[in-house]
K.L.:
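Here it is, the structure in full.
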Amino acid sequence: MTTMRRRAVPYLLISPTVALIAVFLVYPIASVAYYSLQHRNLTRPWADGFAGLGNFRQMLFEDEVFWHSLGFTAKWVVAEIGLQLILGLALALIVNESFIGRGLARSLVFSPWAVSGVLTTGIWILLYTPSTGVLRFLGQPEAAVLGNPDTVFPAVVVTELWRGVPFFAILLLAGLQGIPGELYEAAAVDGAGRIRRFLHVTLPHLRDAIVLATLLRGVWEFNNVDLLFTLTGGGPAQVTTTLPLYVAQRAVDSKDFGYGSALTMAGFVILLFCSLLYLRLSRFGEER
């Protein structure tokens with residue numbers, strides 16, 4: 001009996017955590033999966049009922065907006081993660097050096113990360129507005145970059161870069177500070193220049209930090225709703241509509257919770273598959 005009690009103690013200790021995970025993670029996923037198989041539209045309650053795979057069939061074979069939003073989401077995530085990684089790494093390398101005013105420089109670099117998405121869009125809407133923004137100082141006072149399909153994508157990318165680059169800078173700076181200085185000294189003694197030290201010392205030691213940062217930020221950018229919703233609303237003509245934003249339009253605006261749940265499950269499966277594949281290909285956490 002004593003042995004059984006000892007074996008049960010670890011399970012009792014983790015049971016509160018398991019219960020919380022079940023309540024806040026498993027139950028919502030199960031609920032969305034259930035509603036994805038239902039017709040549940042508040043504007044058409046007489047048509048509610050079991051849909052089977054009907055919502056998924058409509059999504060894959062009849063809904064052009066779904067495929068457009070999925071394509072834009074991929075374009076958005078790749079552009080943001082690539083640029084944020086490059087700029088964040090550059091900033092981390094700069095503020096990792098010793099110079100006068102480094103503390104102030106770090107505060108200025110990291111400050112945009114503390115600003116909420118809605119406040120960020122409020123700032124950039126003022127900057128992009130023809131009558132109050134910076135374009136009037138560049139000789140283009142009538143340019144409406146957020147209303148032009150040709151310029152809206154670069155505009156929203158720049159806005160999100162302002163908020164997202166500090167995240168990479170913070171994580172990569174932490175990784176840089178964990179690299180022993182003796183490695184750089186040994187490489188310099190062996191005749192390695194600045195570029196070779198960066199390629200053969202810095203980058204290998206930042207591998208796990210880069211993988212973790214790109215994975216976390218990729219998931220967040222995939223699920224980005226607040227900035228795009230308040231900045232463009234998915235427009236003009238739905239050219240900046242991501243999949244999560246399309247979910248919000250169908251589930252919240254159109255009250256079609258069944259079809260919105262199906263779209264959500266599609267996004268969940270895509271994110272899960274891409275995350276597992278990325279961790280597998282990057283060999284995150286494995287010994288080098």
K.L.:
Going by side chain to side chain donor-acceptor pair (under 3.5 Å), name the residues that satisfy it together with R217, two or more places apart in sequence or in a different chain.
P.N.:
Q84, E160, E221
K.L.:
With side-chain contact (heavy atoms from CB on, under 4.5 Å) as the test, pick out the partner of T121 among V156, L126, L228, T230.
P.N.:
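Testing each of V156, L126, L228, T230 against T121, the sole residue satisfying side-chain contact (heavy atoms from CB on, under 4.5 Å) is T230.
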K.L.:
How far does CG of L212 sit from CG of L206, to the nearest 0.5 angstrom?
P.N.:
12.0 Å
K.L.:
Would you please name every residue forming a salt bridge (Lys or Arg N to Asp or Glu O under 4.0 Å) with E80, sequence neighbours left out?
P.N.:
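Result, salt bridge (Lys or Arg N to Asp or Glu O under 4.0 Å) vs E80: none returned.
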K.L.:
State the CG-OG1 distance between L245 and T73, to the nearest 0.5 angstrom.
P.N.:
9.0 Å
K.L.:
Please give me the minimum heavy-atom distance between P244 and V225, naming the atom from each residue.
P.N.:
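Heavy atoms of P244 and V225 come nearest at CB-CG2, 3.6 Å.
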K.L.:
Give a yes or no on whether I100 atom CD1 has more than 12 heavy-atom contacts from other residues, nucleotides or ligands under 6.0 Å away.
P.N.:
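Not more than 12 within 6.0 Å, no.
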K.L.:
Is any side-chain heavy atom of S15 less than 4.5 Å from a side-chain heavy atom of Y11?
P.N.:
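No - every pair of side-chain heavy atoms lies 4.5 Å or more apart.
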K.L.:
Which residues pass the side chain to side chain contact (heavy atoms under 4.5 Å, CB included) test with A248, not counting sequence neighbours?
P.N.:
none
K.L.:
What's the shortest heavy-atom distance between V145 and A155, and which atoms?
P.N.:
CG2-CB, 4.2 Å
K.L.:
When rounded to the nearest 0.5 angstrom, what distance separates CH2 in W124 from CG in L146?
P.N.:
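Between atom CH2 of W124 and atom CG of L146 there are 11.0 Å.
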K.L.:
In terms of relative ring orientation, are H68 and F72 parallel, tilted or perpendicular, with 30° and 60° separating the classes?
P.N.:
parallel
K.L.:
Quick one: does P112's side chain get under 4.5 Å of T120's, heavy atoms only?
P.N.:
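No. Closest side-chain heavy atoms not under 4.5 Å.
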K.L.:
Looking only at heavy atoms, which two atoms of A51 and Q38 are closest? And how far apart?
P.N.:
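Shortest heavy-atom separation between A51 and Q38 comes out as CB-C, 3.8 Å.
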K.L.:
State the CG-CZ distance between L89 and F198, to the nearest 0.5 angstrom.
P.N.:
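Atom-to-atom, L89:CG and F198:CZ are 4.5 Å apart.
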K.L.:
With sequence neighbours excluded, give me every ring-ring contact (aromatic ring centres under 6.0 Å, His included) pair touching residues 257-279.
P.N.:
none
K.L.:
Kindly give the heavy-atom pair with the smallest separation between A262 and F56, and that separation in Å.
P.N.:
O-CE2, 3.8 Å
K.L.:
Among Ile, Leu, Val, Met, Phe, Trp and Tyr joined by side-chain contacts under 4.5 Å, find the other residues sharing a cluster with L12 and list them by chain and number.
P.N.:
none
K.L.:
How far apart are the closest heavy atoms of W67 and L60, and which atoms are they?
P.N.:
NE1-O, 2.9 Å
K.L.:
Could you report the tightest heavy-atom contact between G88 and L172, atom names first, then the distance?
P.N.:
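Answer, listing the atom of G88 first, then L172: C-CD1, 4.2 Å.
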K.L.:
Residues sharing V18's hydrophobic cluster, by side-chain heavy-atom contacts under 4.5 Å among ILVMFWY, directly or via others?
P.N.:
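In the cluster with V18 are I14.
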K.L.:
Using 0.5 Å steps for rounding, measure from the CH2 atom of W220 to the CG atom of L216.
P.N.:
5.0 Å
K.L.:
Quick one: do the Y184 and T202 side chains pair a donor with an acceptor below 3.5 Å?
P.N.:
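Their side chains do contain a donor-acceptor pair, which is all the 3.5 Å distance test asks for.
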K.L.:
Would L119 end up clustered with V158 when hydrophobic side chains under 4.5 Å apart are linked, directly or stepwise?
P.N.:
yes
